[in-house]
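What follows is a single structure, written as structure tokens, with notes after it.
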Amino acid sequence: MDIEKLKLKAKDSVESQRQQLVQLSLNIHDNPELGFKEEKASAWLATYLEDNGFHVERGIAGLATAFRATYGQGSPRIALLAEYDALPKIGHACGHNIIGVSAVGAAVASKSIIDQLGGSIVVMGTPGEEGLGGKINMVKAGAFKEIDAAMIVHPNTRNMPTEEALACSTLEAEFFGRPAHAAGQPHKGINALDAMILAFTGVNSLRQHIRGDARIHGIITDGGEAPNIVPAHSAAVFLVRALDDDYLAELKDRVLNCFTGASVASGARLEYRWRDRTYAPMKNNMTLAGLFRQNLESLGREVKAFDPRFGLGSTDMGNVSQAVPSIHATIAIASREILIHTPEFAAAAASDAGHNGLLDAAKAMAMTVADILQPGTLDKIKQEFCRD
Ligand SMILES: [Zn+2]
Ligand SMILES: [Zn+2]
């Protein structure tokens with residue numbers, strides 16, 4: 001069967017799953033679960049794949065809500081990544097229900113391609129994207145060791161074959177001072193909150209002199225007990241982000257200097273820890289992106305190149321992309337003025353535009369699976385990956 005016929009068959013398969021996929025997406029949307037607690041969502045997605053002939057392993061890489069579902073034999077092994085965690089209070093405001101369901105829809109549609117061309121299609125159920133970095137655990141545990149290429153499609157307000165993402169490290173900082181009556185004996189106290197405010201001021205000054213695409217932002221999680229007690233303890237969490245690991249390392253030093261300087265100035269002792277879960281920058285494979293782009297355009301969608309003015313975040317897909325050739329694409333489900341991580345975007349993730357985005361993402365991924373399995377294509381993808 002020629003490739004165009006294979007692609008047509010894959011598109012028809014996605015279309016024939018429409019009702020089930022939309023229902024699955026709405027079920028996940030109506031039952032938002034936080035990272036690493038996505039019991040219902042991961043079970044529904046895994047069961048759907050199992051019912052469609054996939055071999056499913058649940059609870060991989062030490063994560064109860066991660067799974068791997070495989071169809072076919074041996075290499076090449078192409079991974080489609082499912083996310084399904086929600087945000088606190090605003091539910092599926094990042095639209096991960098669409099990511100999860102488009103991956104399973106594409107995987108089922110890829111079965112006829114695998115039957116014809118060989119290899120395997122693997123759905124990786126990757127929990128806890130929002131801040132917990134589930135994929136970082138999975139990469140470390142070797143879940144992607146035998147994967148040849150990986151794709152994920154995130155809902156957005158634009159169709160893009162790639163999306164950049166910043167490397168990101170998390171700093172937890174605490175100052176320890178000395179309590180005293182704030183009016184009676186203020187001269188006996190050491191003010192841990194003042195130390196924190198000095199550190200914030202230092203970071204604010206630093207921000208003026210860093211690269212435009214880097215980001216430093218944080219919150220105070222403890223600022224004292226009562227206004228009439230000199231705060232003996234303060235705590236903050238900061239995120240430091242940069243486009244590459246080298247600049248991230250430099251920024252981390254400079255941010256830490258703001259905290260050590262504040263410690264010296266205030267006399268409050270500093271304790272800090274960089275969380276061991278660092279989100280890597282996204283390394284998009286442009287050969288793979290070119291194939292995905294053509295397929296998305298063939299569905300009648302206008303596809304835009306990534307532009308940093310659209311906004312830059314971080315994703316644990318970055319860590320996957322450093323291990324295997326990958327793309328992090330986006331599919332438009334809402335108009336431009338709708339912001340991601342808002343109740344309006346959560347509504348879009350359950351709208352008709354959301355359902356259509358889900359179906360098109362699944363079709364474009366399945367069609368790209370057919371492209372990857374053409375002779376010589378995977379070599380080109382891997383050559384690019386090794387060159388960079
Ligand atoms: Zn998000
Ligand atoms: Zn997201």
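Ligands are counted one by one from 1 in listed order, and the atoms in each one are counted from 1 as well. Since this is a predicted model, take the numbers as computed values, not measurements. Only heavy atoms go into these numbers, but all of them, side chains included; no hydrogens, no water, no symmetry mates.
Looking only at N/O/S atoms, His96 comes nearest to the Zn ion (ligand 2) through NE2. Of all N, O or S atoms in His154, the one lying closest to the Zn ion (ligand 2) is NE2.
In summary, the aromatic rings of His233 and Phe175 are positioned with their centroids too far apart to meet the 6.0 Å limit.
Angle OE2 (Glu130) to the Zn ion (ligand 1) to NE2 (His341): 100°, rounded to 10°.
Ion pairing between Glu129 and Lys135 fails under the 4.0 Å rule for side-chain N and carboxylate O. Between Lys363 and Glu15 there is a salt bridge, since a side-chain N of the basic residue sits under 4.0 Å from a carboxylate O of the acidic one. Note on Lys37 versus Glu39: no salt bridge recorded, every NZ/NE/NH1/NH2 to OD/OE distance being 4.0 Å or above.
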